[in-house]
Structure formats: structure tokens, C-alpha cells
Amino acid sequence: MTHVIADVGLAESTGVQILKSIVIFAVVLQVVPLILLLERKLLGRFQARLGPNRVGPFGLLQPLADVGKLLSKEQATPTTAVPWMMALAPVISILTAIATLAIIPFGDVRNDALFGSDVGLYGIDVSIGILYAFAFGALAFYGLMLGGWASGSKYSFLGSMRAAAQLISYEIALGFSLLGVVMTAGSLSLTEIVQAQDGIWFIVPQFVGFLIFMVAGFAETNRPPFDMAEADAEIVAGYNTEYGGMRFGSFFMAEYINMIVIAGIATAMFLGGWHGPGPAFLDPFWVVAKMFLFIIFFIWIRATLPRLRYDQLMSFGWKILLPLATLNVLVTAVLVVLT
Amino acid sequence: MIFEQILFFIAAAGAIAGALGVTVSRNPFYSVLALVAHLIALAVLFLLLSAEFLAAAQLVVYAGAVMVLYVFVVAYIGGSDEPLQPVRGPVARLGPLFAGVLFVEVAIAVIGSGLKALGTRGPEVQTGAGREAYGSPGQFGELLLTDFLLPFEAASFLLLVAAVGAVVLARRRRGLEDTGTVDDLARSSPESDDPRPEMVPQGDPPVPTGAGAS
């Protein structure tokens with residue numbers, strides 16, 4: 001038994017694994033600016049404006065201009081800051097976001113697909129499955145926290161404190177909402193959960209879990225209406241107030257990658273993953289289409305709902321979402337045992 | 001495999017450096033961060049022992065929940081550059097004694113059991129990604145609910161008592177009657193009983209209490 005570190009059930013040879021990682025990494029990083037453009041365009045339409053339309057045809061080159069601007073900006077560091085930690089924080093944020101991408105399944109294992117090797121259309125299929133995402137989600141908090149603390153400014157500090165409180169409050173509800181799916185499928189592995197949805201998608205029997213997951217997912221990704229950590233009307237920009245240039249860009253990119261990850265997990269756990277009509281080669285496209293739906297939904301909610309007040313956020317998380325999630329787990333457990 | 005060994009030494013050195021950092025650092029905030037680094041290194045060591053579930057639980061529970069609270073509290077009240085006062089009194093004399101006793105105890109444990117295993121290949125366990133594999137969530141849960149049911153339940157009961165105790169203590173310190181809810185707490189400031197929430201400066205958010213109960 002030769003395992004490098006832990007057992008991840010890889011179907012393919014090392015070369016193909018590296019190739020696969022590069023493809024996932026490159027594609028997602030290219031998609032992030034496009035989602036940004038989509039968000040700005042859609043927000044414009046929601047607010048009866050046109051959105052960005054000056055750079056290139058229909059404003060399509062706007063992401064390039066944004067990235068160019070971010071890359072060429074100066075990194076300002078306040079005198080009260082801790083410089084090395086301020087540089088480290090965005091690294092933690094983006095590292096944990098990208099690492100979580102690895103478990104999102106885009107398709108089943110294809111036999112003999114590439115260079116005579118079996119290829120699973122996912123990064124890795126770990127035995128702990130969804131817990132892998134939670135482990136990195138737990139570490140992602142330190143990106144926001146250290147960023148806010150190391151900036152040495154009041155607004156940054158307030159933002160990171162809010163992020164801390166919000167993350168521990170909603171992470172429990174997020175975990176419990178997925179527990180119902182895990183119990184129904186009898187597995188933690190995302191690919192096995194998708195395979196278990198061959199007949200009926202888990203959004204039907206686990207609809208309450210799905211709702212809780214979406215609400216907690218908004219809180220976990222710091223998206224409006226739960227963006228208390230950077231609430232720009234109250235605390236300037238929260239934890240990233242003092243950041244500029246590509247360090248700010250990294251925080252920003254991490255937020256969008258987290259959004260993609262939440263969309264991917266929701267697709268795999270509730271919307272049947274790669275299942276859909278048509279031949280097998282369409283599988284990854286089904287996953288991408290379903291993830292796209294979720295991302296549109298994220299943007300739609302941002303444009304529609306106002307930001308919650310801080311104490312509302314806390315009491316909602318602890319007094320409504322958590323008991324509801326616990327009840328959902330309990331009912332599901334009873335049903336799983338009875339049937 | 002050579003890669004495993006390299007990773008082991010990196011993680012082991014990281015764990016020791018983190019543990020040293022906790023005690024050596026003068027700034028409590030850096031101490032807490034060193035503890036986080038130590039816990040992450042421990043999680044890597046668990047992974048090398050093919051205990052994936054334990055590694056994930058270590059990150060989720062300790063690095064993700066417990067240490068977040070530590071960071072939260074230390075960032076609020078500690079974290080200043082004020083040098084810590086040297087300890088005086090009987091504690092200063094008893095401290096080294098306890099440290100010495102602990103060192104001897106750990107040394108006996110390491111020499112007694114650890115050194116014996118050096119020449120062997122370790123226990124034969126079934127590894128892999130299957131449900132029956134050693135260290136998998138399935139195996140873990142089965143052991144917890146069969147062989148170790150009593151300690152497991154006792155530990156969960158202890159945590160429940162601690163959580164209830166924390167809530168009771170926090171309420172008593174604020175001088176609250178049992179009728180007050182968290183919402184009232186957040187809205188009313190001690191000076192005024194103004195019912196209009198938007199006119200009142202936001203009170204102390206009930207976060208630490210609620211998070212502590214988790």
C-alpha cells in the first residue's frame with residue numbers, strides 16, 4: 001500500500017493528477033473575473049442601469065481593466081500595522097478557498113479516458129468528503145481575522161471581529177444542514193452522494209436542509225445580506241479597509257471562489273450533481289449549468305435584500321437557523337432508521 | 001516513502017515550534033496564533049497516521065471553533081505589548097517542580113512505549129478509501145458507539161454541563177432577570193430603557209456568550 005498522505009481514492013496516475021489540478025485551477029481562476037463582470041452587469045440591470053459598457057464590446061474587457069488596475073496599484077501599509085501578517089492574511093484566504101475546490105465533483109470516473117488512465121472528473125475524492133471542505137472553511141477564517149487585526153485600524157478590527165462571530169455562528173447550521181443529506185446517502189464522499197441521487201435529487205426529501213444551507217452559505221461566504229464583516233455603510237470595508245492592490249484583489253477573489261465552492265457543494269449535495277438528461281459527456285456541463293444557477297441566485301439576492309442588523313444576524317443564526325437545522329437532522333435520522 | 005518522511009519531519013518540527021511559541025511569546029495574540037499553528041501541524045501528523053477523520057475534526061473543532069474564541073477574546077482584551085509581570089509567591093516555586101514532574105512522566109511514557117516500537121513496522125491495519133478502512137469516519141463512529149460508548153457519553157454530558165454553566169455565569173454577571181432575551185440585551189443600553197431600537201446605540205453584542213455555549 002503506497003499512499004503519499006492519507007488515502008484519497010485516486011483513480012489516475014500521478015501525471016494525470018497534476019494535469020487535472022492545473023486544469024481545475026486555471027479554469028476557475030479565469031472564471032472569477034467573468035463572474036465579477038456578470039455580477040456588475042446584472043446589478044446594473046437590477047438597478048435600472050446599464051452596468052459597465054465602456055471597455056471593449058459590451059464592456060466585455062472590463063475584468064481585464066480591473067485586474068490590470070489592481071496589479072499596478074501600490075500596497076499601502078499603515079504605520080500601526082504588522083506588515084508580515086498583513087501580507088500573510090490574503091494568502092491564507094485564497095489558499096483555503098482554492099484548496100476547497102478540489103472536492104467538487106464535475107463527473108464520475110471515466111475509464112481509460114486520458115493516456116490510458118482512468119480519470120475521475122473531480123480533484124480528489126477523500127473518505128472524509130464534505131468534512132474536508134469544513135476543515136478548510138475553518139482555516140479560511142484566519143485570513144479575515146489576521147487581515148483585520150494586522151491592519152492596525154479600528155474598522156478593520158471591527159470587521160474581523162464580526163467575521164469571527166458570524167463564522168462560528170453559521171458554520172454549525174451549515175454543517176447540520178448537510179448532515180441530513182449525508183445520512184440519507186449513507187456516505188460523506190461527494191461523488192457517492194451524487195451517485196445516490198440517481199433516482200431523486202436530494203433537494204426534494206431534504207428541502208428544509210437545502211434552505212438552511214443556502215442561508216448559512218450566504219453567511220459563510222460573507223455575501224449580502226450577510227456581509228457584516230465588510231458592511232460598507234457602517235465600517236468602511238471591514239477587514240479589508242487598509243488593503244489595496246492585488247492583496248485586496250486576493251481577498252476579493254477568495255470571496256468569489258468561496259461562492260463557486262458553495263455553489264458546487266450545493267449542486268453536488270442537493271441538485272443531483274452531474275445527473276441530467278443527455279449523453280454522458282454532457283455531465284460536466286450539467287454541473288457547471290447548475291452552479292451557474294446558484295451564482296445568479298447569489299447575485300440576485302445581493303441586489304434584492306438589504307443588509308441585516310448585527311444583532312438580527314446573531315439571533316437569527318442561533319435562535320432560528322440552528323434549532324431548525326437540528327430538528328431537520330433529528331427528523332431525517334428517525335426517517336432513515338424507520339425506512 | 002521519502003515524501004512521507006519529509007512531511008513528518010516538517011510537521012513534527014512545526015508542532016514543536018508552535019508549542020514553544022505558545023510559551024515563549026510575550027504577546028498573548030502571538031501565543032494563540034502559535035497554538036493554531038501547533039494544532040494544524042498535529043492535524044498533518046494525524047493525516048500521516050491515516051486518521052483522516054481525526055485530522056478534519058482537529059481542524060474543524062480546535063482550529064476552527066475553539067481557537068476562534070481564543071483569538072476573539074485575546075484580540076479584544078489582550079494583545080497589548082505590555083510585558084507580562086514575573087510571577088511571585090508560592091506559584092513561582094511550585095511551577096518548576098510541576099514542570100519537572102511532568103517532564104519525567106512524559107519521558108517515562110516515551111521511553112517505555114515509544115522506543116520499543118522504533119524497530120517495528122507498526123500495526124497492520126487496512127488502509128484505503130473504503131468504509132471499513134482504518135481511521136475512516138465509519139470505523140470511527142462505530143468504535144465511539146460500541147466500545148467507547150460510556151466515555152463518549154460522559155464527555156458529551158460534561159460539555160453540556162459546562163455550556164449550561166457558562167450561560168448561567170454570564171447571565172448572573174450582567175445582573176439579568178430570567179425574563180430578558182438576547183434581543184432585549186442587544187437593544188437596550190444600561191442607561192436608558194428607550195424602546196426605539198434605532199435611537200439607542202447598539203449594546204454589547206451577545207456574541208461571546210452564544211459562541212461560548214457552542
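Quick caveat, the model's predicted, so the values are computed rather than measured. First the proteins, then the strands, lettered A, B, ... as listed; each starts at 1.
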Inset, instruction - Just give me the residue among A135(A), G175(A), G129(A) that pairs up with chain B most often, heavy atom to heavy atom, under 4.5 Å. - result: A135(A)
Inset, instruction - Would you give the length of the straight line joining atom OG of S177(A) to atom CG of L322(A), rounded to the nearest 0.5 angstrom? - result: 11.0 Å
Inset, instruction - Could you have a look at L33(B), I40(B), V68(B), V71(B) and say which one has the most heavy-atom pairs with chain A under 4.5 angstrom? - result: V68(B)
Legend entry - Residue V182(A) versus chain B: region with a heavy atom under 4.5 Å: neither
Legend entry - L143(B) backbone acceptor or donor facing D147(B) side chain under 3.5 Å: no
Legend entry - F141(A) versus chain B, the contacting section by heavy-atom distance below 4.5 Å: side chain
Inset, instruction - Any chance you could measure I103(A), atom CD1, to L188(A), atom CG, to the nearest 0.5 Å? - result: 10.0 Å
Inset, instruction - Tell me, for F8(B) versus chain A, whether the close heavy atoms (under 4.5 Å) come from the side chain, the backbone, both or neither. - result: neither
Inset, instruction - To the nearest 0.5 angstrom, please state how far the CG atom of L95(A) sits from the CG atom of L139(A). - result: 9.0 Å
Legend entry - Per-residue contact mode, V61(B) against chain A (heavy atom under 4.5 angstrom): neither
Legend entry - F136(A) versus chain B, the contacting section by heavy-atom distance below 4.5 Å: neither
Legend entry - Rounded distance [0.5 Å steps], CE in M269(A) versus CG in L178(A): 4.0 Å
Legend entry - Toward chain B, the part of L146(A) with a non-hydrogen atom under 4.5 Å: side chain
Inset, instruction - Decide whether T191(A) and S189(A) meet the rule of one side-chain donor and one side-chain acceptor closer than 3.5 Å. - result: yes
